[in-house]
A.B. asks: 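Below you'll find the structure I mean.
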Protein chains: 2
Amino acid sequence: MTSQPAAAERQRDADRTKAEILEVARREFARRGYAGARVDEIADLMRTTKRMIYYYFGSKEQLYIAVLEQAYTEVREAERLVDVEHLAPVEAIRTLAELTFDHHDAHREFIKLVAIENIHQAEHIRKSEVLANLGTPVLDLIGRILRAGTASGDFVTEADAIDVHMMISSFCFFRVANQHTFGALFGRDMAAQEHRDRLRRMVGEMVVAYLRGAGSPDHPPDQGSR
Amino acid sequence: MTSQPAAAERQRDADRTKAEILEVARREFARRGYAGARVDEIADLMRTTKRMIYYYFGSKEQLYIAVLEQAYTEVREAERLVDVEHLAPVEAIRTLAELTFDHHDAHREFIKLVAIENIHQAEHIRKSEVLANLGTPVLDLIGRILRAGTASGDFVTEADAIDVHMMISSFCFFRVANQHTFGALFGRDMAAQEHRDRLRRMVGEMVVAYLRGAGSPDHPPDQGSR
DNA sequence: CATGTTACGAACTAGATAGTTAATTAATGT
DNA sequence: ACATTAATTAACTATCTAGTTCGTAACATG
C-alpha cells in the first residue's frame, strides 16, 4: 500500500502527514481537553490542511481516540524496559515505585490525556479495542514481587497487586495532574525540581512501609518510647 | 436589597433562581468540562431561561468561577467540623486520612471540578480572590499531629505537613477521579462499594506506616527473617 | 395607587466550528 | 507514456453557541 522505505524528501508522504497530525492533535487535546480542542486550530498548527484530518481519521472523535491509543501504547512500551526482577522484594517494589514516578514525570502530556479521559468517563477508551488489556504486565510484576516479599518475610501486610499499583500510581499521578490547583491552594509547586527528589523518595518509602506492615494497629514500631 | 425572609411561594425570587442556576451549572460543568458544557443546555435544564444566567453571572466563565467558588467553600466548611485533636497522634492521622477518604467519596462532583480545573492549569481559580488561602486549616492540623507524633516517639519519619496532605489526598482523589480509566484498564471499579472499605483502611495504614518510618532502609521491621 | 425598580421571557445575532464537496497534483504500476 | 490510485488543496455549508436586544410583568415604596 503506502510502503516506500522512508524516502525522506517526498512531497507526499501519508505516514509523515498522519504522524504529524497525531502529534499536533495530542498536544492540542492535552492542552484544551476534548471539547476545548479545535479541529481548525490543529490544522493551522501544521503545514497540512484540515481536510487531511478527516481524510485520515474521519472525525474529531476518531482522531482523539487515535491520539489516546498512540499515547497509551507508547507509554506501555516504555514500561516494558524495566527490569526489577533480579532485586530483592523491598528494593524491587521501591524501584518500581520510583520508576513509576519518573514515568509520570516524563509523560505529562499523557497524564493530562488520562485526566481528560476520566472526565468523559473513559467513554473513548472503551470504544477502542487496542486499549483493552493493556494493564496486565505491571500487575504480573507487582504480583511476583509481593509473593516473593511475603515468602521472604519482608512483607507482612497482605496486599493485592491492583491495590498496590493504585497506591503508587495515585501518588505519582496526583503530583503531576493536580499540580495547578494544589499550587494555587497550598502555594507549593509539587512538580518543581526542588520538590521532585524528595517526593520521589517518598513514594518508595511509602509503599515499602505499607508492605512491611508498620501501619496496622497490631504492629507497633520496634523503638517505641512512650 | 432582595431580602424577604424566604417567602417560599413567590413567583420571583432572585436568590432561588441564582441558586438553581449554580446547582444545574455545577452538574453540567462537572459532567462535560468547561468547554463541553453548554449554556443553552444549562438553561434548558431549569425553569429559568438563558437570559438569567447572563443577568446574574455575566458570562459562561464567570458562572464557572462562581460554581468553583461555591463548591470549594462548601467543601472546606464540611472539613471544619472534624475534630481529631483529642486523639493520640497515630489515631489522629489515621482518622484524618479516613475522613479525607470519606470526604472525597461524598463529593464526587467536586472532585471532577478540580480535575477539570487542573486541565485548565487552574486559571479560573487563580482569577478568584475567594479561593486564595483556603488550604491552610488542614495544614495546621496535620502540622500539629506531626509534631505531637514526633514528640511522643510514635512518628520516626521527619515529614512535612504539605507532603503528608498530598500523600493522603492523592490516594483519595485518584480512586474517585481515575475510576473510569483505571476500571477500563484493570477491570476493577475502585469506586464500587465492594472495594471501598478495604481502600479506606488502606489509606490510614499507609500514612501511619510511612510516618512510623518503616519505609526507610535503616529501619528494618522488627521480625525480619531473611 | 402611581411609579420606579428588579426579575424575567422570547426571539435574535454574529461568529465559530465540525464536517464536505469537488477539483488537482504527485506517485505508481504496466 | 499512460492510466490509475493515493495524497492534497481551497472554498463552502449547516449547525451550534455564547452573548444580546428589547419588551414586559411582578414587586416594592412612597
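Given the structure is predicted, the values throughout are model-derived calculations rather than measurements. These numbers come from the heavy atoms of this one structure, side chains and all, not from hydrogens, waters or symmetry mates. In what follows, every chain begins at residue 1, and chains take the letters A, B, ... in the order their sequences are listed.
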A.B. asks: Using a 3.5 Å cut-off and no angle test, enumerate the donor-acceptor pairs between side-chain atoms of residues 17-31 of chain A and protein atoms at least two apart in sequence or in another chain.
C.D. replies:
residue	atom	partner	partner atom	Å
A:T17	OG1	A:D13	O	2.9
A:E20	OE1	A:R47	NE	3.4
A:E28	OE1	A:R32	NE	3.1

A.B. asks: Starting from P on D:dA28, measure out to CG on B:D13 and report it in whole angstrom.
C.D. replies: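 B:D13 atom CG is separated from D:dA28 atom P by 10 Å.
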A.B. asks: Please find out if less than 6.0 Å separates the ring center of A:H165 from that of B:F186.
C.D. replies: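 Yes: the rings meet the under 6.0 Å criterion.
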A.B. asks: Distance check needed: C:dG19 P versus A:Y64 OH, whole Å only.
C.D. replies: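 Rounded to the whole Å, the gap is 15 Å.
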A.B. asks: Is the closest basic N to carboxylate O distance between A:D160 and B:R188 below 4.0 Å?
C.D. replies: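 Answer for the salt bridge query: yes.
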A.B. asks: Taking the six-membered ring for Trp and the full ring for Phe, Tyr or His, determine whether the centres of A:F171 and B:F174 are under 6.0 Å apart.
C.D. replies: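 A:F171 vs B:F174: aromatic centres not under 6.0 Å.
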A.B. asks: For DNA chain C, determine which residues of residues 27-50 of chain B have any heavy atom closer than 4.0 angstrom to one of its atoms, and list them numerically.
C.D. replies: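 Contacts with DNA chain C under 4.0 Å: B:R47, B:T48, B:T49.
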A.B. asks: Rounded to whole Å, how long is the line connecting atom CD of B:E20 with atom P of C:dA7?
C.D. replies: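 These atoms are roughly 16 Å apart.
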A.B. asks: With a non-hydrogen cut-off below 4.0 angstrom, is A:Y56 in contact with a base, only sugar-phosphate, or nothing?
C.D. replies: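 The residue A:Y56 makes sugar-phosphate contact but no base contact.
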A.B. asks: Would you say D:dT8 has OP1 or OP2 under 4.0 Å from some side-chain N or O of A:T17?
C.D. replies: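 For D:dT8, OP1 or OP2 has a side-chain N or O of A:T17 closer than 4.0 Å.
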A.B. asks: C:dT6 base to B:R12 side chain: any donor-acceptor pair below 3.5 Å?
C.D. replies: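 Check passes, donor-acceptor contact within cut-off.
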A.B. asks: Would you say the side chains of B:T181 and A:E117 form a donor-acceptor pair under 3.5 Å?
C.D. replies: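 Side-chain D/A pair, B:T181 to A:E117: absent.
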A.B. asks: Please give, in whole Å, the distance from C:dA7 C1' to B:D15 CG?
C.D. replies: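 Interatomic distance, CG of B:D15 to C1' of C:dA7: 12 Å.
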A.B. asks: Taking only residues two or more places apart in sequence, or in another chain, which ones meet B:D44 in a side chain to side chain contact (heavy atoms under 4.5 Å, CB included)?
C.D. replies: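 With sequence neighbours excluded, B:D44 shows a side chain to side chain contact (heavy atoms under 4.5 Å, CB included) to no residue whatsoever.
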A.B. asks: In terms of side-chain heavy atoms of A:R51, which of D:dG19, C:dG19, D:dT9 is nearest?
C.D. replies: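 For the A:R51 side chain, the nearest candidate turns out to be D:dT9.
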A.B. asks: Whole angstrom is fine here: how far is it from CD1 in B:I53 over to C1' in D:dT20?
C.D. replies: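 Going from B:I53 (CD1) to D:dT20 (C1'), I get 14 Å.
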A.B. asks: Rounded to the nearest angstrom, tell me the gap between atom CD in A:Q62 and atom C1' in C:dA18.
C.D. replies: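 So the CD-C1' distance, A:Q62 to C:dA18, works out to 13 Å.
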A.B. asks: Rounded to whole angstrom units, what separation is found between the CG atom of B:L63 and the P atom of D:dA18?
C.D. replies: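 Between P of D:dA18 and CG of B:L63: 11 Å.
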A.B. asks: Parallel, tilted or perpendicular: which one describes the rings of B:H120 and B:H124, with boundaries at 30° and 60°?
C.D. replies: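 Judged by the thresholds at 30° and 60°, the geometry between B:H120 and B:H124 is perpendicular.
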A.B. asks: Please state how far atom OH in B:Y54 lies from atom P in D:dC22, giving the value in whole angstrom units.
C.D. replies: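 In whole Å, D:dC22 P lies 18 Å from B:Y54 OH.
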